[in-house]
Engineer: 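Submitted below is the structure of interest, expressed as C-alpha cells.
The model shown is predicted, which means the values in this text are computed figures rather than measured ones. Quick note: numbers below take in every heavy atom, side chains included, and nothing from hydrogens, waters or symmetry partners. Note that the numbering runs from 1 along the sequence shown for the chain.
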Amino acid sequence: MRSLLFVPGDSPRKQEKGLEVGADALILDLEDSVALPEKGKAREVAAGFLARMRAVAGRPKLYVRVNALDTGLTEDDLAAVMPHAPDGIMLPKAEGGPSVAQLGARLAVHEAEHGLPDGATRILPIATETARAVFALQSLPGASRRLSGVTWGAEDLSADLGAETNRGEDGAWTGPFQLARNLTLMAAAAAEVDAIDTINALFRDLDGLARECRAARRDGFTGKMAIHPAQVAVINDAFTPTDAALAQARKVVAAFAQAPGMGVVGIDGEMFDRPHLRRAERLLARQA
C-alpha cells in the first residue's frame, strides 16, 4: 500500500470522496477524528460503508482505526465493523507485540462468529505514540501473522514526551522523532513487513510532502499515510516504482534464477549479490 487516506468514521460524504482520489487504502477513523459523544454514530456509519463496499471490485483496501485498547471502546468498535469484513484494523497506541497479539486474539473470535476466514483481518499498528511503545518495537517480529505493516505517529508521542514541537524551523523532524521514525523502519524490516511513514499535517504544502516522501522511499518506507485527499496523488507518485527500477529488478531476479546457488551475479558489467536479489524481489512483490 502506497497511500493510506484517513477518513472520519462519521462522515459518509468524506468516505465517498475518499473513493475517488486513488488511495490504495482508506482508514475509517473511529478514534481521533470522532468526539466521544459521536462514537456510536461513527460505528454505524463506518459499518454501513463497509457493508456497501464489501463486494465492490477494484475498491481500495478498507482499514478501520479503532480506539486504543486501554480506552474500553475497542470491543464496541470491533463488534460494529467486524460483521462486514474490513481488510484490516489500525491499532493506535500499540505497545509492541503484546498489543498486536491481544488484538489478534479478539479478531479471531469475531472472525469465527461471523464466518470469516481465520487470519483474514490484518493488523497495522501505530507503534510509537508513547515512549513506552518505542521501547517495545523490538517485540513486534513474530507477534502475529496478521501484521501487515508498521507505522509510526509523532503527534501523540510529542504529547507523551512533553515536547514543544516535533519539527524544527526547517520542517525536519527533531531528534526524538527522527529516532522513532528510524526505529519503526527497522522494526518493520525485522518483522519482514512494510514500513509505512506517518502523516504530514501541513496538507497544503505539497512540495514539502513530496520531499518527505522521497526521503522516506530512499530510506526504505513503502508508503505513507495521508490526512487530505490532495496528498494522495503526491504520495502515489513518490512510492510508485519507475519502469526502469522494475526492469532492473526483473533482470536481477532472472540472473539469479539462471545461476542457482550463486551468491553473486554480473549484469551489464555490474556485480549484484543476495541482498540485491532480496530488494528486487520485494519491489516486484509490491507490484503484484
Engineer: Hey, is the main chain of Ile126 close enough, under 3.5 Å, to the side chain of Lys93 for a donor-acceptor pair?
Structural biologist: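 Looks like no, no N/O pair under 3.5 Å.
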
Engineer: Verify, without hydrogens or angle tests, whether Asn182 (side chain) and Gln178 (backbone) share a donor-acceptor contact under 3.5 angstrom.
Structural biologist: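 Yes; at least one donor-acceptor contact below 3.5 Å.
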
Engineer: Please step through salt bridge (charged side-chain N to carboxylate O under 4.0 Å, His left out) for the pair Glu212 and Arg167, ending with a clear verdict.
Structural biologist: CA-CA 12 Å; Glu212 195 164 277; Arg167 292 183 185 266; 2.8 Å; yes

Engineer: Report the C-alpha separation of Asn236 and Ser3 in whole Å, then their side-chain angles, then the decisive distance to 0.1 Å, and conclude whether the side chain to side chain donor-acceptor pair (under 3.5 Å) test is met.
Structural biologist: CA-CA 6 Å; Asn236 284 347; Ser3 53; 2.7 Å; yes

Engineer: Within this structure, what is the CG-CG distance for the pair Leu124 and Leu91, rounded to the nearest 0.5 Å?
Structural biologist: 9.0 Å

Engineer: Between the main-chain N or O of Pro92 and the side-chain N or O of Glu129, is there a donor-acceptor pair closer than 3.5 Å?
Structural biologist: no

Engineer: Please determine whether a side-chain nitrogen of the Lys or Arg among Lys41 and Asp10 lies less than 4.0 Å from a carboxylate oxygen of the Asp or Glu.
Structural biologist: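 Answer for the salt bridge query: no.
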
Engineer: Taking salt bridge (Lys or Arg N to Asp or Glu O under 4.0 Å) as the definition, give me every residue that meets it alongside Arg145, ordered by chain and number, with sequence neighbours left out.
Structural biologist: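 Partners of Arg145 under the salt bridge (Lys or Arg N to Asp or Glu O under 4.0 Å) test: Asp118.
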
Engineer: Using atom types as modelled and distance alone, determine if a side-chain donor or acceptor of Asp273 lies under 3.5 Å from a backbone N or O of Val264.
Structural biologist: no

Engineer: If we ignore hydrogens and angles and just use 3.5 Å, is the side chain of Glu113 paired with the main-chain N or O of Met82 as donor and acceptor?
Structural biologist: no

Engineer: Test side-chain contact (heavy atoms from CB on, under 4.5 Å) on Leu277 and Val253 and set out the steps.
Structural biologist: CA-CA 6 Å; Leu277 173 61; Val253 171; 4.1 Å; yes

Engineer: Please say yes or no: joined through hydrophobic side-chain contacts below 4.5 Å, possibly via intermediate residues, are Leu5 and Tyr63 part of one cluster?
Structural biologist: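 The answer is no; the residues belong to distinct hydrophobic clusters.
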
Engineer: Is it the case that the side chain of Ser139 and the backbone of Gly97 share a donor-acceptor pair, with hydrogens and angles ignored and the cut-off at 3.5 Å?
Structural biologist: yes

Engineer: Can any side-chain N or O of Lys39 pair as donor or acceptor with the backbone N or O of Leu30 at less than 3.5 Å?
Structural biologist: yes

Engineer: Locate the shortest heavy-atom distance separating Ala187 from Pro141; write the atom from each residue and the value.
Structural biologist: O-CG, 4.3 Å

Engineer: Checking side-chain polar atoms at under 3.5 Å, does Thr71 have a donor or acceptor matched by the opposite partner on Asn67?
Structural biologist: no

Engineer: With a 4.5 Å cut-off on side-chain heavy atoms, are Glu16 and Arg52 touching?
Structural biologist: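 Yes - at least one pair of side-chain heavy atoms lies under 4.5 Å apart.
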
Engineer: Can you list the steps and then say if Thr222 with Ile196 is a side-chain contact (heavy atoms from CB on, under 4.5 Å)?
Structural biologist: CA-CA 6 Å; Thr222 63; Ile196 306 297; 3.8 Å; yes

Engineer: Hey, quick one: are Val150 and Ile27 part of the same hydrophobic cluster, counting side-chain heavy atoms closer than 4.5 Å, chains of contacts allowed?
Structural biologist: no

Engineer: Of the non-hydrogen atoms in Leu140 and Leu147, which two are nearest, and what is the gap between them?
Structural biologist: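 Minimum heavy-atom contact is O-CD2, 4.2 Å.
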
Engineer: Within the 4.5 Å heavy-atom criterion, are Phe49 and Val64 side-chain neighbours or not?
Structural biologist: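 Answer no - side chains too far apart.
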
Engineer: Rounded at 0.5 Å granularity, tell me how far NZ in Lys14 sits from CG in Asp29.
Structural biologist: 11.0 Å

Engineer: More than 12 foreign heavy atoms under 6.0 Å from CZ of Arg132: is that the case here?
Structural biologist: no

Engineer: Spell out, yes or no, whether Leu4 and Val81 are grouped together once hydrophobic residues are joined by side-chain heavy atoms under 4.5 Å, including indirect joins.
Structural biologist: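 No: no chain of side-chain contacts under 4.5 Å links Leu4 to Val81.
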
Engineer: Can you find a heavy atom in the side chain of Thr198 that is under 4.5 Å from one in the side chain of Met225?
Structural biologist: yes

Engineer: For Phe239 and Pro241, work out which heavy atoms get closest and say how close.
Structural biologist: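 That closest heavy-atom pairing would be O-CD, 3.4 Å.
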
Engineer: Is there a side-chain contact between Gln248 and Phe272, using heavy atoms and a 4.5 Å cut-off?
Structural biologist: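 They are in contact (side-chain heavy atoms under 4.5 Å apart), so the answer is yes.
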
Engineer: Can you tell if the side chain of Ser148 reaches within under 4.5 Å of the side chain of Asp194, non-hydrogen atoms only?
Structural biologist: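 No - every pair of side-chain heavy atoms lies 4.5 Å or more apart.
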
Engineer: Roughly how far, to the nearest 0.5 Å, is OG1 of Thr240 from CD1 of Ile235?
Structural biologist: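 With rounding to 0.5 Å, CD1 (Ile235) is 11.0 Å from OG1 (Thr240).
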
Engineer: Could you tell me which non-hydrogen atom of Ala25 sits nearest to which non-hydrogen atom of Met1, and how far apart they are?
Structural biologist: CB-SD, 3.6 Å

Engineer: Could you walk me through whether His84 and Leu62 satisfy the side-chain contact (heavy atoms from CB on, under 4.5 Å) test, starting with their C-alpha distance in whole Å, then the side-chain angles of each, then the deciding distance to 0.1 Å, before giving a yes or no?
Structural biologist: CA-CA 11 Å; His84 309 294; Leu62 300 176; over 6 Å; no

Engineer: Counting C-beta onward and ignoring hydrogens, is there a side-chain heavy-atom pair between Leu246 and Leu284 closer than 4.5 Å?
Structural biologist: yes

Engineer: Tell me the closest heavy-atom pair linking Arg43 and Leu73, and the distance in Å.
Structural biologist: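 The answer is NH2-O, 3.6 Å.
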
Engineer: Would Leu103 and Leu78 satisfy side-chain contact (heavy atoms from CB on, under 4.5 Å), going step by step from the backbone distance to the final call?
Structural biologist: CA-CA 10 Å; Leu103 176 60; Leu78 295 176; 4.0 Å; yes

Engineer: With rounding to the nearest 0.5 angstrom, report the CG to NZ distance, Leu26 to Lys17.
Structural biologist: 12.5 Å

Engineer: Is there a side-chain contact between Asp32 and Arg65 in this structure, where contact means two heavy atoms from C-beta onward sitting under 4.5 Å apart?
Structural biologist: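 With C-beta onward as the side chain, the pair touches.
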
Engineer: Quick check: does any side chain N or O of Thr128 sit under 3.5 Å from a backbone N or O of Gly153, one acting as donor and the other as acceptor?
Structural biologist: yes

Engineer: Output yes when Arg106 and Asp77 qualify as a salt bridge under the 4.0 Å nitrogen-oxygen rule, no when they do not.
Structural biologist: no

Engineer: Are any side-chain N or O atoms of Gln15 and backbone N or O atoms of Leu28, one a donor and one an acceptor, separated by less than 3.5 Å?
Structural biologist: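 Here the side-chain-to-backbone pair does not exist.
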
Engineer: For Ala226 versus Ile199, what's the shortest heavy-atom pair and its separation?
Structural biologist: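 Closest pair (atom of Ala226, atom of Ile199, distance): N-CG2, 4.4 Å.
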
Engineer: Going by salt bridge (charged side-chain N to carboxylate O under 4.0 Å, His left out), Asp219 matches just one of Arg214, Arg181, Lys224. Which one?
Structural biologist: Arg181

Engineer: Is there a continuous path of hydrophobic side-chain contacts, each under 4.5 Å between heavy atoms, that joins Met90 to Phe221?
Structural biologist: no

Engineer: Counting neighbours of CD on Glu20 that are heavy atoms of other residues, nucleotides or ligands and sit closer than 6.0 Å, is the number greater than 12?
Structural biologist: yes

Engineer: If hydrophobic clusters are built by linking Ile, Leu, Val, Met, Phe, Trp and Tyr wherever their side-chain heavy atoms come under 4.5 Å apart, do Val7 and Val232 end up in the same one?
Structural biologist: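 Linked, Val7 and Val232 end up in one cluster.
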
Engineer: Looking only at atom types and distance, does a side-chain atom of Arg146 sit under 3.5 Å from a main-chain N or O of Thr121, one as donor and one as acceptor?
Structural biologist: yes

Engineer: Between Phe177 and Trp173, what is the ring plane arrangement, given parallel below 30°, perpendicular above 60°, and tilted in between?
Structural biologist: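 Geometry flag for Trp173 against Phe177: tilted rings.
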
Engineer: Supply the atom-to-atom distance Asp205 CG to Gln231 CD, rounded to the nearest 0.5 angstrom.
Structural biologist: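 Separation between the atoms: 9.5 Å.
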
Engineer: What's the spacing between Asp87 CG and Leu50 CG if we round to 0.5 Å?
Structural biologist: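 Nearest 0.5 Å value for the CG-CG distance: 8.5 Å.
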
